[in-house]
Amino acid sequence: MLDRREGWQPELSVVVPVLNESENIRPLLQRLLPVLEHAARGFEVIFVDDGSNDDTLDVLRELHSRDRRITAISFSRNFGKEIAIAAGLDHAAGRAAIVMDADLQHPPETVAEFVAKWREGYKNVFAQRRDRYADSRLRRALTQRFYHLFDVFGETNLPPGAGDFRLLDRQAIEALARMRERARFSKGLYAWIGFKSIGVPYDVAERAAGTSKFSYRKLTRFALDGLMSFSTIPLRVWTYIGFAISFLSLSLTLYFLLRTLFYGVDVPGFASLIVSVTFLSGIQLLSLGVLGEYIGRIFAEVKRRPLYLVAERIGGEQHEVSSAEHSETQV
Ligand code: UDP
Ligand code: MG
């Protein structure tokens with residue numbers, strides 16, 4: 001799909017989304033580069049600066065001036081981790097790409113295992129967390145709830161414990177590149193594309209420096225995106241609720257009719273009236289809200305805005321001129 005120039009092509013591209021991670025970049029590379037040198041025949045590390053406002057970009061500039069294998073794309077503002085990953089994959093030139101976080105929660109040593117599996121013929125090699133101890137208790141509980149919901153209502157099955165930390169073969173990268181949706185729930189997309197997949201277990205480490213870049217607000221948005229992009233149940237459930245309520249009101253009508261026939265007119269009933277009116281308006285507002293969530297997402301998609309805007313490129317031009325055009329024009 002990408003029309004690349006002849007010449008040097010790295011075997012592996014490592015994509016790292018970064019938002020204010022200046023303290024973590026050097027320690028990450030210190031551990032990652034030796035692994036890559038050993039495991040791959042030529043590699044590049046692409047940092048996607050997702051609108052950082054610390055000195056992340058300066059650090060990246062300096063690292064690139066010393067080592068050409070380290071490149072960066074800088075967004076014009078914060079577009080979110082999911083979109084940063086998409087941009088990194090758009091610019092990846094390797095025959096396979098690895099996606100990982102910058103905060104050393106994803107141990108670089110696991111990358112060697114990914115590559116081994118890839119050489120065996122797997123195209124979608126994902127790391128599988130053994131536990132989630134690095135997160136707070138509340139976040140762990142909410143995450144668990146979410147994945148349970150996704151399991152029940154989602155129309156795609158997610159492998160347990162799998163996240164963004166993974167290796168994607170060129171074929172999988174091209175498949176993902178064809179999905180230009182804005183509300184990106186990458187975990188779902190990775191599962192949706194299929195291909196020969198396998199999990200590699202790993203232990204999540206503590207974040208090296210700084211704090212998580214995901215607030216509970218961001219996580220809620222993300223969870224909603226995930227559920228709504230991979231399930232239409234929230235839309236369809238109203239049909240069943242509608243049926244149930246209609247049935248109930250029909251029975252009530254019948255009951256009141258018979259009661260009036262046998263016992264005459266009876267004025268009291270104010271409480272039940274108010275209760276049913278408020279209950280039904282609540283249900284109606286709720287269903288309208290669900291419709292609104294979907295329509296908002298449809299609106300965002302039909303506007304066909306580019307997924308992201310690049311403010312600056314640091315290195316990597318020699319083999320990705322065409323892929324950059326591709327990402328900015330084809331939306
Ligand atoms: N990140 C990003 N954009 C964002 C939020 C996060 O590029 O809007 C990056 C962040 O710099 C890190 C990775 O995504 O490299 C994972 O973020 P974080 O460690 O904060 O998430 P957590 O581990 O808490 O899920
Ligand atoms: Mg983290």
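Since the structure is predicted, the reported quantities are computational estimates derived from the model, not experimental observations. When a residue number appears, it is its place in the shown sequence, counting from 1. For ligands, and for the atoms within them, numbers begin at 1 and follow the listed sequence.
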Engineer: Have a look at ligand 1 and work out which part of Glu21, if any, has a heavy atom under 4.0 Å from it: side chain, backbone, both or neither.
Structural biologist: side chain
Engineer: Which heavy atom of Gln105 sits nearest to which heavy atom of Tyr202, and what is that distance?
Structural biologist: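 Scanning both residues, the minimum pair turns out to be O-CE1, 3.9 Å.
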Engineer: Taking side chain as C-beta onward, heavy atoms only, is Phe47 less than 4.5 Å from Ile70?
Structural biologist: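 Result yes, sub-4.5 Å side-chain heavy-atom pair found.
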Engineer: Classify the angle between the aromatic ring planes of Phe75 and Phe79 as parallel (below 30°), tilted (30 to 60°) or perpendicular (above 60°).
Structural biologist: perpendicular
Engineer: Got the closest protein heavy atom to atom 9 (C) of ligand 1, with its distance?
Structural biologist: Pro17 O, 3.6 Å
Engineer: For the Mg ion (ligand 2), decide whether Asp101 has an N, O or S atom at a distance under 2.8 Å.
Structural biologist: no
Engineer: Give me the residue, atom name and distance of the protein heavy atom closest to atom 21 (O) of ligand 1.
Structural biologist: Phe214 CD1, 3.3 Å
Engineer: Could you tell me if the ring centre of Tyr122 sits under 6.0 Å from that of Phe114?
Structural biologist: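 For Tyr122 and Phe114, the ring centres are not under 6.0 Å apart.
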Engineer: Specify side chain, backbone, both or neither for Leu19, according to which of its non-hydrogen atoms lie closer than 4.0 Å to ligand 1.
Structural biologist: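 The answer is both, backbone and side chain.
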Engineer: What protein heavy atom sits nearest atom 6 (C) of ligand 1, and how far away is it?
Structural biologist: Lys213 CB, 3.6 Å
Engineer: Locate the shortest heavy-atom distance separating Val45 from Leu36; write the atom from each residue and the value.
Structural biologist: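 In this case the closest contact between Val45 and Leu36 is CG2-CD1, 3.9 Å.
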Engineer: Of all N, O or S atoms in Asp103, identify the one at the shortest distance from the Mg ion (ligand 2).
Structural biologist: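 When I compare the N, O and S atoms of Asp103, OD2 is nearest to the Mg ion (ligand 2).
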Engineer: Tell me which one of Glu44, Glu37, Glu11 satisfies salt bridge (charged side-chain N to carboxylate O under 4.0 Å, His left out) with Arg69.
Structural biologist: Glu37
Engineer: Check Asn20 against ligand 1 and report side chain, backbone, both or neither, counting heavy atoms closer than 4.0 Å.
Structural biologist: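 Answer for Asn20: neither.
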Engineer: Would you mind checking which non-hydrogen protein atom is closest to atom 24 (O) of ligand 1, with the distance to 0.1 Å?
Structural biologist: Ser212 OG, 2.5 Å
Engineer: Checking only N/O/S atoms, does Ser212 have one that is under 2.8 Å from the Mg ion (ligand 2)?
Structural biologist: no
Engineer: Among Arg139, Met100, Gln105, which residue places a heavy atom closest to atom 25 (O) of ligand 1?
Structural biologist: Arg139
Engineer: Would you check the N or O atoms of Lys218, main chain and side chain alike, for any that come under 3.5 Å of an N or O of ligand 1?
Structural biologist: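 The answer is yes, given that Lys218 and ligand 1 share an N or O pair closer than 3.5 Å.
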Engineer: Taking all heavy atoms of Phe165 and all of Pro107, pick out the closest pair and write down the distance.
Structural biologist: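 Distance-wise, the nearest heavy atoms are CZ-O, 3.6 Å.
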Engineer: What's the shortest distance from atom 14 (O) of ligand 1 to any protein heavy atom, and which residue and atom give it?
Structural biologist: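 Its nearest protein heavy-atom neighbour is Lys81 CD, 3.3 Å.
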Engineer: For Asp50, take its heavy atoms, then give the atoms of ligand 1 lying under 4.0 Å from any of them.
Structural biologist: 2 (C), 3 (N), 4 (C), 7 (O), 8 (O)
Engineer: I'd like to know if the side chain of Asp50 pairs up with that of Tyr308 as donor and acceptor (distance under 3.5 Å, no hydrogens or angles considered).
Structural biologist: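 Asp50 vs Tyr308: no donor-acceptor pair found between side chains.
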Engineer: At what distance is the nearest protein heavy atom to atom 18 (P) of ligand 1, and which residue and atom is it?
Structural biologist: Arg207 NH2, 3.4 Å
Engineer: When you look for heavy atoms under 4.0 Å from ligand 1, do you find them on the side chain of Glu82, its backbone, both, or neither?
Structural biologist: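 Under 4.0 Å from ligand 1, Glu82 contributes no heavy atoms.
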Engineer: If you have a sec, work out which protein heavy atom is nearest atom 19 (O) of ligand 1 and how many Å separate them, to one decimal?
Structural biologist: Asp103 OD2, 2.6 Å
Engineer: Kindly say whether Glu293 contributes a backbone atom to a donor-acceptor pair with the side chain of Arg297 at under 3.5 angstrom?
Structural biologist: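 Yes, the answer is positive, given that a donor and an acceptor are paired below the 3.5 Å cut-off.
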Engineer: Please confirm whether the ring centroid of Phe150 lies under 6.0 Å from the ring centroid of Phe185.
Structural biologist: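 So the answer is yes for these two rings.
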Engineer: List every atom of ligand 1 that sits less than 4.0 Å from any heavy atom of Ala102, numbering the atoms from 1 in the order shown and giving each element.
Structural biologist: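 Per the distance check, 15 (O).
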Engineer: Is there a donor in the side chain of Thr56 and an acceptor in the side chain of Asp49, or the other way round, less than 3.5 Å apart?
Structural biologist: no
